[in-house]
Each structure stands twice: as structure tokens, then as C-alpha cells.
*Asks:* 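Before anything else, here's the structure in question.
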Amino acid sequence: MADNLSLRQVVEAYMARVPAGAVTTYGDLAALAGQPTAARLVGGIAHTGNEQLPWHRLVNSRGKLAAGYPGGRRTQQQLLEKEGVSCTDFLVDDFDLRRWRPR
DNA sequence: CTCGTGACGGCGA
DNA sequence: ATCGCCGCCACGA
């Protein structure tokens, strides 16, 4: 499905669906979009796409916060903790449990 | 039209 | 454990 849409469109759609208090990875979104190897795309989308998207809920495959976020990972961690996601040194606690999954 | 780059991921040395 | 390379798709110049 959504074969008509570009990966970008699909990824944005999934990103928008990630609920507060949960996190997802670039690779997961890419995989959901059908391109598990296009994790880079997700990264690019996160920063070039809609600012209202919950980009702060995106972490790398290890549950660590984004590497090159222009405001500093500190900001992202603040946002996550504010949503109930506790982090320790830029690492999401219980990452596996908080990993969001579509249904 | 072509070229380069990127909020990443996984594997090899 | 660390470091480096390639691959992937989309978009800007």
C-alpha cells in the first residue's frame, strides 16, 4: 500500500502516528516504509520535513538520541522526559519497551 | 539534465 | 572495544 506515495510521505505518516511517551527508530520507520536500508532517508525527512512532526521521538537503532541534532541532544532528551520517557545520558531507558510499533 | 549530500544502519578489519 | 566503508532514497543547487 501507499506505493503511490514516496517513502517520504509514508515515513512522515508513520512519524506523525508515534504517540507521546513512545519512541521509534530511523531504521524502523524506514522498514515500515518498505526500505529497511533507507534509514538515512528518515533522518533527512526528520530535519527537512514538517516541523510539527515528533522528530524528537526518533532515536537511533540503539535507543540513543539523534547524533547531529542542531539544537543539541539535550533538548531532545528534555522533550522526551517531558513526555514521560526517561533518558540517561542521551540513552532512552527501557528502550525496547518504549519502542513504538504500528498496528 | 547531473552531482553531491544527509537527524542512519549494518558488517568487516 | 573502536574505526571506516558502503548502501539506500529523496531533494537542493
Side-chain angles (χ1 to χ4, degrees):
Chain A
M1 61 175 77
D3 284 4
N4 289 10
L5 303 174
S6 296
L7 280 180
R8 189 180 181 112
Q9 313 298 114
V10 180
V11 171
E12 286 188 356
Y14 278 114
M15 201 190 300
R17 288 176 175 189
V18 180
V23 295
T24 193
T25 73
Y26 301 95
D28 273 7
L29 288 178
L32 288 171
Q35 296 304 325
T37 57
R40 261 184 166 201
L41 259 289
V42 182
I45 292 162
H47 94 91
T48 50
N50 241 314
E51 290 182 8
Q52 59 183 282
L53 290 171
W55 54 267
H56 58 270
R57 292 180 195 140
L58 289 180
V59 296
N60 66 20
S61 58
R62 292 186 250 177
K64 190 108 186 207
L65 304 191
Y69 166 60
R73 299 158 282 229
R74 182 174 292 275
T75 303
Q76 186 176 4
Q77 184 170 324
Q78 288 279 325
L79 289 167
L80 289 174
E81 291 195 6
K82 193 173 68 169
E83 294 182 347
V85 179
S86 56
C87 305
T88 301
D89 193 29
F90 307 125
L91 179 67
V92 177
D93 293 337
D94 299 313
F95 168 57
D96 289 334
L97 301 177
R98 301 192 110 101
R99 239 209 309 192
W100 175 75
R101 248 182 163 252
R103 54 130 77 251

*Asks:* I'd like to check A/Leu58 versus A/Val23 (side-chain heavy atoms, cut-off strictly below 4.5 Å). Are they in contact?
*Replies:*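 Answer no - side chains too far apart.
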
*Asks:* Identify, with sequence neighbours excluded, every residue that meets side-chain contact (heavy atoms from CB on, under 4.5 Å) alongside A/Pro36.
*Replies:*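 Scan of A/Pro36 (side-chain contact (heavy atoms from CB on, under 4.5 Å), adjacent residues dropped) gives A/Ala31.
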
*Asks:* Provide the start and end nucleotides, 5' to 3', of the part of DNA chain B that has atoms under 4.0 Å from heavy atoms of chain A.
*Replies:*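 Contact span on the strand: B/dG6 to B/dG10.
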
*Asks:* Once Watson-Crick and G-U wobble pairs under 3.5 Å are found, how is DNA chain C written in dot-bracket notation, 5' to 3', with | for any base paired to another strand?
*Replies:* .||||||.|||||

*Asks:* Which residues within residues 84-98 of chain A lie with some heavy atom under 4.0 Å of an atom in DNA chain B?
*Replies:*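 Hits under 4.0 Å, by residue number: none.
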
*Asks:* Can you list every side chain to side chain donor-acceptor pair (under 3.5 Å) pair that touches residues 32-48 of chain A, not counting sequence neighbours?
*Replies:*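 Pairs touching residues 32-48 of chain A that pass the test: A/Arg8-A/Thr48.
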
*Asks:* Please name all residues satisfying side-chain contact (heavy atoms from CB on, under 4.5 Å) with A/Ala33, sequence neighbours left out, ordered by chain then number.
*Replies:*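 A/Ala33 satisfies side-chain contact (heavy atoms from CB on, under 4.5 Å) with A/Leu7, A/Val10, A/Val11 only.
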
*Asks:* Classify the nucleic acid contact of A/Ala67 as base, sugar-phosphate or nothing, counting any heavy atom under 4.0 Å across all strands shown.
*Replies:*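 Touches sugar-phosphate only.
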
*Asks:* Considering heavy-atom distances to DNA chain C, does A/Ala39 or A/Gln9 have its closest nucleotide positioned more toward the 5' end?
*Replies:*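 Per heavy-atom nearest nucleotide, the more 5' residue is A/Ala39.
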
*Asks:* Out of curiosity, A/Trp100 CH2 to A/Asp28 CG, how far, rounded to the nearest 0.5 Å?
*Replies:*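 Reported value, rounded in 0.5 Å steps: 9.5 Å.
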
*Asks:* Mind checking if A/Leu41 touches a base, just sugar-phosphate, or nothing, with heavy atoms under 4.0 Å?
*Replies:*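 Touches a base.
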
*Asks:* Could you state the interatomic distance from CG (A/Leu79) to CH2 (A/Trp55), rounded to the nearest 0.5 Å?
*Replies:*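 Between atom CG of A/Leu79 and atom CH2 of A/Trp55 there are 5.5 Å.
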
*Asks:* Does any part of the side chain of A/Leu32, heavy atoms only, come nearer than 4.5 Å to the side chain of A/Pro102, both counted from C-beta?
*Replies:*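 A side-chain contact exists here, since the closest heavy-atom pair is under 4.5 Å.
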
*Asks:* Taking only distance into account, with no hydrogens and no angle test, what donor-acceptor pairs under 3.5 Å do side-chain atoms of residues 59-66 of chain A form with protein atoms, sequence neighbours excluded?
*Replies:*
{"residue": "A/Asn60", "atom": "OD1", "partner": "A/Arg62", "partner atom": "N", "Å": "3.0"}
{"residue": "A/Asn60", "atom": "OD1", "partner": "A/Gly63", "partner atom": "N", "Å": "3.2"}
{"residue": "A/Asn60", "atom": "OD1", "partner": "A/Lys64", "partner atom": "N", "Å": "2.9"}

*Asks:* Tell me, do A/Gln77 and A/Arg73 make a side-chain contact under 4.5 Å, heavy atoms counted?
*Replies:*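 Not touching, per the 4.5 Å side-chain cut-off.
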
*Asks:* Please identify each residue that fulfils side chain to side chain donor-acceptor pair (under 3.5 Å) with A/Arg17, with sequence neighbours left out.
*Replies:*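 A/Arg17: no side chain to side chain donor-acceptor pair (under 3.5 Å) contacts found.
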
*Asks:* Just to verify, what does A/Glu83 make a salt bridge (Lys or Arg N to Asp or Glu O under 4.0 Å) with, not counting sequence neighbours?
*Replies:*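 Per chain and number, A/Glu83 pairs via salt bridge (Lys or Arg N to Asp or Glu O under 4.0 Å) with A/Arg57.
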
*Asks:* Restricting to side chain to side chain donor-acceptor pair (under 3.5 Å), what partner residues turn up for A/Asp94, sequence neighbours left out?
*Replies:*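 So A/Asp94 forms no side chain to side chain donor-acceptor pair (under 3.5 Å) with any residue.
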
*Asks:* At the 4.0 Å heavy-atom cut-off to chain A, mark where contacts on DNA chain C begin and end, going 5' to 3'.
*Replies:*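 First-to-last contact on DNA chain C, by the 4.0 Å heavy-atom rule, is C/dG7 to C/dC11.
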
*Asks:* Would you classify A/Arg40 as touching base, sugar-phosphate or nothing, given that sugar-phosphate means primed atoms plus P, OP1 and OP2, and contacts are heavy atoms under 4.0 Å?
*Replies:*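 Contact class for A/Arg40: base.
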
*Asks:* Listed by chain and number, what are the side-chain contact (heavy atoms from CB on, under 4.5 Å) partners of A/Ala16, not counting sequence neighbours?
*Replies:*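 Partners of A/Ala16 under the side-chain contact (heavy atoms from CB on, under 4.5 Å) test: A/Leu53.
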
